[in-house]
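See below for the structure under consideration.
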Amino acid sequence: MTKQRTKSNKSLWVLLGGALLLRLVLALVTDGYPYDMSCFVAWGDKLAAEGPAAFYSDGYFADYPPGYLWVLGLVGAIRAALHIAYESKWTYFLLALVPSLCDCGLAWLVYRTAKRSSRGVKEHTALVLTAFTAFNPLMLFDTGVWKQIDGAFALPLVLCFVLLEQRRYLPAAVLYGVALAIKPQALLFGPVLAVCYLAAITLEKDRLRAFGRCFGGAALALLPPLLTGLPFLALCS
């Protein structure tokens, strides 16, 4: 059993390592979606050079919430320190690195969820599901070729609903807040989150505790956007 478990773990890491390598190679040999690439690089450079207080300024286009801007700022700081040009393939590599890691994290989450399923999913099936996720052509194109940040957005959002299925409501709310801090599209999933909390109230014998958990979850969901955005707001005044 120990040998079988070691073999399974090796297969899993080979899958995830191959998926990560493929994304980063694609990032190096493609140019990305030009409009977003110029925005991501410009935002990262501005944040690294001027700090968060001066980022959302009059007449400057920036339609992303603060959450992922910190990652772009780090990319900008690395590029400045290493004198990496905008046209360099290493700029694209840096932009794709975090979303690529998040894509692989999502594939790992699929594996863990399959293994913990009450239906008794076999190891081979779990690895196949992981491979389908890790090498999904749409995800490969989105992250490796277009170099979008959807992988970083999808991972906390999916993990949120995995935790909701396990009735771990408060950690789920925090992860929903992380997704909301990265992209405002997380608001589209807000009604689903609300229904899960309301359903929990009807199933809970202690209604007072259930209502408290509901309002506590709402407060926790707001915490990541507030914490990541506070330096952009408070320093401006």
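Because only heavy atoms are used, hydrogens play no part in the values below, and waters and symmetry mates are left out as well, while side chains stay in.
The stretch residues 156-177 participates, sequence neighbours left out, in these ring-ring contact (aromatic ring centres under 6.0 Å, His included) pairs: Y169-Y197.
Looking at heavy atoms from C-beta onward, M139 lies in side-chain contact with L106 at the 4.5 angstrom threshold. At least one side-chain heavy atom of D103 sits less than 4.5 Å from a side-chain heavy atom of R23. Looking only at side-chain heavy atoms (C-beta outward), D45 and R79 come within less than 4.5 Å of each other. In this structure the side chain of L82 never reaches within 4.5 angstrom of the side chain of W90, judged on heavy atoms.
Looking only at distances, a side-chain donor or acceptor of T228 sits under 3.5 Å from a matching main-chain atom of P225.
In this structure, OG1 in T133 is found 10.0 Å from CG in L16, a value given to the nearest 0.5 Å. Rounding to the nearest 0.5 Å places CG of L15 at 12.5 Å from NZ of K10. Here the CH2-CG distance, from W43 to L69, works out to 7.0 Å after rounding to the nearest 0.5 Å.
The pair K147-D36 does not count as a salt bridge, with every side-chain nitrogen at least 4.0 angstrom from each carboxylate oxygen.
Linking ILVMFWY side-chain heavy atoms closer than 4.5 Å, directly or via other members, places L109 and F132 in two distinct hydrophobic clusters. Residues F153 and V192 share a hydrophobic cluster, clusters being chains of Ile/Leu/Val/Met/Phe/Trp/Tyr side chains in contact below 4.5 Å.
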Show your working on side chain to side chain contact (heavy atoms under 4.5 Å, CB included) between V121 and K115 and close with a plain yes or no.
-> CA-CA 6 Å; V121 175; K115 291 293 291 181; 5.9 Å; no

Take L95 and M37 through the side chain to side chain contact (heavy atoms under 4.5 Å, CB included) test and state the conclusion after the steps.
-> CA-CA 8 Å; L95 288 174; M37 292 301 93; 3.8 Å; yes

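Ring geometry for F232 against F55 counts as perpendicular: the plane angle is over 60°, on a 0 to 90° scale with 30° as the lower cut. Note on ring orientation: taking the six-membered ring where Trp is involved, the planes of F61 and Y35 are tilted (angle from 30° to 60°).
Aromatic rings from W108 and Y111 are positioned such that their centres are separated by 6.0 Å or more.
Residues Y92 and E87 bring no donor and acceptor atom of their side chains to less than 3.5 Å of each other.
When all heavy atoms are compared, the tightest approach of L155 to G105 is CD1-C, 3.8 Å.
With sequence neighbours left out, D150 forms a salt bridge (Lys or Arg N to Asp or Glu O under 4.0 Å) with K183.
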